*Asks:* 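Here it is, the structure, as structure tokens.
These numbers come from a predicted model, not from an experiment.
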Amino acid sequence: MTVPDWEECHGAVRQGYSEEDWRFLCEARDSLMDEPGTRMPDGRLFAYGRHLCRLVEKGGRLPDARNGDEFDVARALPANCPALARVNERNQAELKREEEEYYARRRAECAALPRHKPRTKPVRQATTHMSVEFYALDTSEEGFDGGVSEELGSGDEVMVAVPGNLAFHTLTEMGLLCVTGESYRRRPPVETEGWDVVAEIGYRSPTGVLEISDGSRALPDLAVGGPGHYRVRVHQRELGVDHDREEPQASEEWLIMVYPGREKEPRTYVKGR
């Protein structure tokens, strides 16, 4: 019986084992987490691994495990079962394709909304979809920690800001957003018609790169003047959602305008909450 320890498993392959078998043995031992004296013999581990691999070759998938040990051994199996490695690669490719199709539908959903027609020409304009949880979208510049969203609490604040970190209070607890970002050289006219909430706040960008993001998708840099002081104005409105549809839909539309400005105090033009 071979009982490799953690350091040995992360070093060179022990003499007498192929690289695949040694990796399988180490990963299976790590998954099983069995105590000395109760460890499954090497021969039994390898025999069971070969049995599972034959089932994969025959059926094109790994059968459901009947107990915890079988599941743990199966998790280590791709190390010395090319058939299962191929199945896993195929499954990952399918998941990636489904994810790409899902996000393509979200992009199309946001693109189908009426495009905002600015009253003055922005330097930059872009739209993307984002997801939010717990009534907040917290976004920070590189090198600056998030967390300012905790200050939103249950109050009336639409936004809170500290240098390098912005947080927006959402209208719904969690869901998908269609977000348009626009950057300007000077203050754009205030637009309130059709919006449930319109508010703005002062913000200082330490890096000069303000990419509002949900952690996965981001608007392009809206701090067109580089590092310095800005005003961030957000417009929000709820969208009609078909609750009978299984796939999530965008529940809010946002328009975020960013322009240079030294005023720090928040302003609310439309108070919807």
*Asks:* Can you list everything that forms a ring-ring contact (aromatic ring centres under 6.0 Å, His included) with Phe168? Sequence neighbours excluded, please.
*Replies:* Trp254
*Asks:* Is there any salt bridge (Lys or Arg N to Asp or Glu O under 4.0 Å) pair reaching into residues 227-240, and which pairs are they, with sequence neighbours excluded?
*Replies:* Glu200-Arg231, Glu200-Arg233, Arg237-Glu253
*Asks:* Residues sharing Leu113's hydrophobic cluster, by side-chain heavy-atom contacts under 4.5 Å among ILVMFWY, directly or via others?
*Replies:* Leu239
*Asks:* Please collect all disulfide bond (SG atoms under 2.5 Å apart) contacts where either partner lies in residues 90-143, sequence neighbours excluded, each pair once.
*Replies:* Cys110-Cys178
*Asks:* With rounding to the nearest 0.5 angstrom, report the OG1 to CZ distance, Thr128 to Arg217.
*Replies:* 6.5 Å
*Asks:* Closer than 3.5 angstrom, by distance alone: can the side chain of Asn165 be matched with the main-chain N or O of Val148 as a donor-acceptor pair?
*Replies:* yes
*Asks:* Restricting to salt bridge (charged side-chain N to carboxylate O under 4.0 Å, His left out), what partner residues turn up for Glu101, sequence neighbours left out?
*Replies:* Arg97
*Asks:* How is the hydrophobic cluster of Trp195 composed, in terms of its other members, when Ile, Leu, Val, Met, Phe, Trp and Tyr link through side-chain heavy atoms under 4.5 Å apart, directly or indirectly?
*Replies:* Tyr184, Val190, Val198, Leu255, Met257, Tyr259, Tyr269, Val270
*Asks:* Kindly state each residue pair satisfying salt bridge (Lys or Arg N to Asp or Glu O under 4.0 Å) with at least one member in residues 135-146, sequence neighbours excluded.
*Replies:* none
*Asks:* Between the side chain of Gln236 and the main-chain N/O of His169, is any donor-acceptor distance below 3.5 Å?
*Replies:* yes
*Asks:* The criterion is salt bridge (charged side-chain N to carboxylate O under 4.0 Å, His left out); which residues satisfy it with Glu191, sequence neighbours excluded?
*Replies:* none
*Asks:* Measure from the side-chain N and O atoms of Thr139 to the backbone N and O of Ser213, and report whether any donor-acceptor pair falls under 3.5 Å.
*Replies:* yes
*Asks:* Tell me, please, which residues at least two apart from Asp221 pass side-chain hydrogen bond (donor to acceptor under 3.5 Å, both in side chains).
*Replies:* none
*Asks:* With side chain to side chain donor-acceptor pair (under 3.5 Å) as the test, pick out the partner of His229 among Lys264, Arg204, Arg262.
*Replies:* Arg262
*Asks:* Which residues pass the side-chain hydrogen bond (donor to acceptor under 3.5 Å, both in side chains) test with Arg90, sequence neighbours left out?
*Replies:* none
*Asks:* Could you tell me if the side chain of Met130 sits less than 4.5 Å from the side chain of Ile212, heavy atoms only?
*Replies:* yes
*Asks:* Under a single-linkage rule joining Ile, Leu, Val, Met, Phe, Trp and Tyr whose side-chain heavy atoms are separated by less than 4.5 Å, which residues share a cluster with Val224?
*Replies:* Val123
*Asks:* Sequence neighbours left out, what pairs pass salt bridge (Lys or Arg N to Asp or Glu O under 4.0 Å) with at least one residue falling in residues 103-127?
*Replies:* Arg105-Glu247, Arg106-Glu109, Arg106-Glu247, Glu109-Arg245
